[in-house]
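The block underneath contains the structure these notes are about, expressed in structure tokens.
Just so you know, ligand 1 is whichever comes first in the structure, and atom 1 is the first atom listed for that ligand.
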Amino acid sequence: MYETIISKVNEESLNKAREYILNGELVGFPTETVYGLGAIAYSDEAVKKIFEAKGRPQDNPLIVHVHKDYDVDKLVYVDYDYVYKLREAFLPGPLTMVYRSKGMISPVATCGLDTVGIRIPSSEAAQRFLRAVNVPVAAPSANVSKHTSPVTAMHVYEDLKGKIPLILDGGKCTGGIESTVLDVTTDTPIILRSGLVTADMIKSVVGKCGYSQNKPTDKIRAPGMKYRHYCPKCETALFKRNQVALAQKLYDEVKAKGQRPYFMCDDAMLSEIHGNVLRLGSTAEEIASNLYDKLHESEGLADMLIAFEVETGSDVDVGIMNRLSKACKKYE
Ligand code: AMP
Ligand code: MG
């Protein structure tokens with residue numbers, strides 16, 4: 001058991017973080033997407049602690065984080081020139097590229113795959129942390145496996161208190177959903193997990209971009225995609241936008257039983273429903289940035305969270321719906 005300390009990002013806490021990471025301990029740290037749970041990526045023992053702390057399935061590989069001046073090509077092979085264009089256009093930022101590994105990263109982090117996902121986060125706090133440690137840091141989101149991803153230091157604390165020594169507090173994450181994971185080991189880059197860097201944005205730079213099918217029988221490319229995930233600790237029901245009457249009926253029934261229902265939806269749906277609402281906002285970027293915060297908020301407020309599918313017309317909807325449809329049970 002640790003006494004888990006939450007500390008603002010400053011010279012003293014960064015020194016501590018550096019010591020912990022280099023000694024094979026775990027540190028929670030902020031990025032522009034969600035909070036990460038980091039360990040030195042060279043060490044099997046250190047990386048194992050991440051899987052233990054989270055209760056994460058052993059076949060779900062971790063992303064490796066480095067600062068923006070780190071020489072990524074020490075760790076990976078670049079097979080296609082479009083990679084340089086993508087780096088120029090989107091890094092640092094919420095884009096993880098999956099390369100062929102040169103084998104320096106712990107096989108515990110890559111789950112024995114011959115590829116490794118590398119991310120260069122853009123947030124200043126993440127950059128300061130990664131620069132302070134100056135080693136590759138393997139990190140998934142800093143939550144207990146399957147729970148809603150953390151976007152504040154308190155979210156991390158609630159899930160991992162006693163299990164890790166230090167959480168760096170960089171305030172609320174602005175992006176809100178995890179990075180886009182892009183396979184760059186093939187002639188056409190393939191999105192393994194959707195995020196804020198969308199297929200259209202990648203196409204505008206590379207000229208082409210595909211989506212992985214993630215059929216249950218596929219060799220696991222982005223294993224995170226196959227599990228139920230991101231779930232708040234209350235009952236949930238996800239409705240299509242044309243099921244307003246059904247959703248309102250459920251709300252009224254839950255309320256009549258003396259329990260607490262809450263709606264969660266984007267602003268375009270607000271005028272159609274009657275009752276308590278967690279508002280996600282109107283633009284896709286706003287909704288992505290609020291999603292996990294509102295899911296966390298629902299835990300204290302609601303016995304039943306009644307969510308509506310999000311549709312703004314933006315390409316970012318794909319990433320939002322990927323999370324929302326795993327976080328909430330489809331209403332049947
Ligand atoms: P999380 O750590 O929860 O943000 O999830 C990391 C995501 O990146 C998961 O969906 C992983 O499956 C994916 N990922 C990490 N490394 C690789 C890799 N080498 N190949 C494919 N997907 C990866
Ligand atoms: Mg996660």
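- Only the backbone of Leu62 comes within contact range of ligand 1, with a heavy atom under 4.0 Å; no side-chain atom does.
- If you look at Arg119 next to ligand 1, there are no close heavy atoms at all, none under 4.0 Å.
- Heavy-atom proximity to Val181, at under 4.0 Å, picks out these atoms of ligand 1: 8 (O).
- Annotation: cation-pi geometry satisfied between Arg100 and Tyr77 (NZ/CZ under 6.0 angstrom from ring centroid, within 45° of ring axis).
- Residue Ile202 comes nearest to Val197 through the heavy atom pair CG1-CG1, 3.9 Å, listed as atom of the first residue, atom of the second, then distance.
- The Mg ion (ligand 2) has no N, O or S atom of Ser145 closer than 2.8 Å.
- A cation-pi arrangement is absent between Lys102 and Tyr99 under the rule of less than 6.0 angstrom and at most 45 degrees off the ring axis.
- Both the backbone and the side chain of Thr115 come within contact range of ligand 1, each with a heavy atom under 4.0 Å.
- Counting heavy atoms of neighbouring residues, nucleotides and ligands inside a 6.0 Å radius, atom CD of Gln259 exceeds 12 of them.
- Backbone and side-chain nitrogen or oxygen atoms of Arg56 are examined, and one is located within less than 3.5 angstrom of a nitrogen or oxygen of ligand 1.
- Of all atoms in ligand 1, numbered sequentially from 1 with element shown, those under 4.0 Å from a heavy atom of Arg193 are 1 (P), 4 (O), 5 (O), 6 (C), 7 (C).
- The aromatic rings of Tyr80 and Tyr82 sit parallel to each other, their planes meeting at less than 30°, with 60° as the upper class boundary.
- Classification of the Phe308-Phe239 ring pair by plane angle, with boundaries at 30° and 60°, yields tilted.
- For ligand 1, the polar-atom distance check finds no N/O of His229 at less than 3.5 Å from any of the ligand's N/O atoms.
- The atoms of ligand 1 that sit less than 4.0 Å from any heavy atom of Asn60 are 9 (C), 11 (C), 12 (O).
- Between Ser314 and Asp317, the side chains place no donor N or O within less than 3.5 Å of an acceptor N or O (distance only, hydrogens not considered).
- Neither the backbone nor the side chain of Thr96 has any atom closer than 4.0 Å to an atom of ligand 1 (non-hydrogen atoms only).
- Evaluated for a ring pair (Phe, Tyr, Trp, His ring centres under 6.0 Å) with Phe29, the options Tyr35, Tyr20, Phe129 yield exactly one hit, Phe129.
- For ligand 1, the atoms lying closer than 4.0 Å to a non-hydrogen atom of Pro140 are 2 (O).
- Using 4.0 Å as the threshold, Thr110 has no heavy atom nearer than that to any atom of ligand 1.
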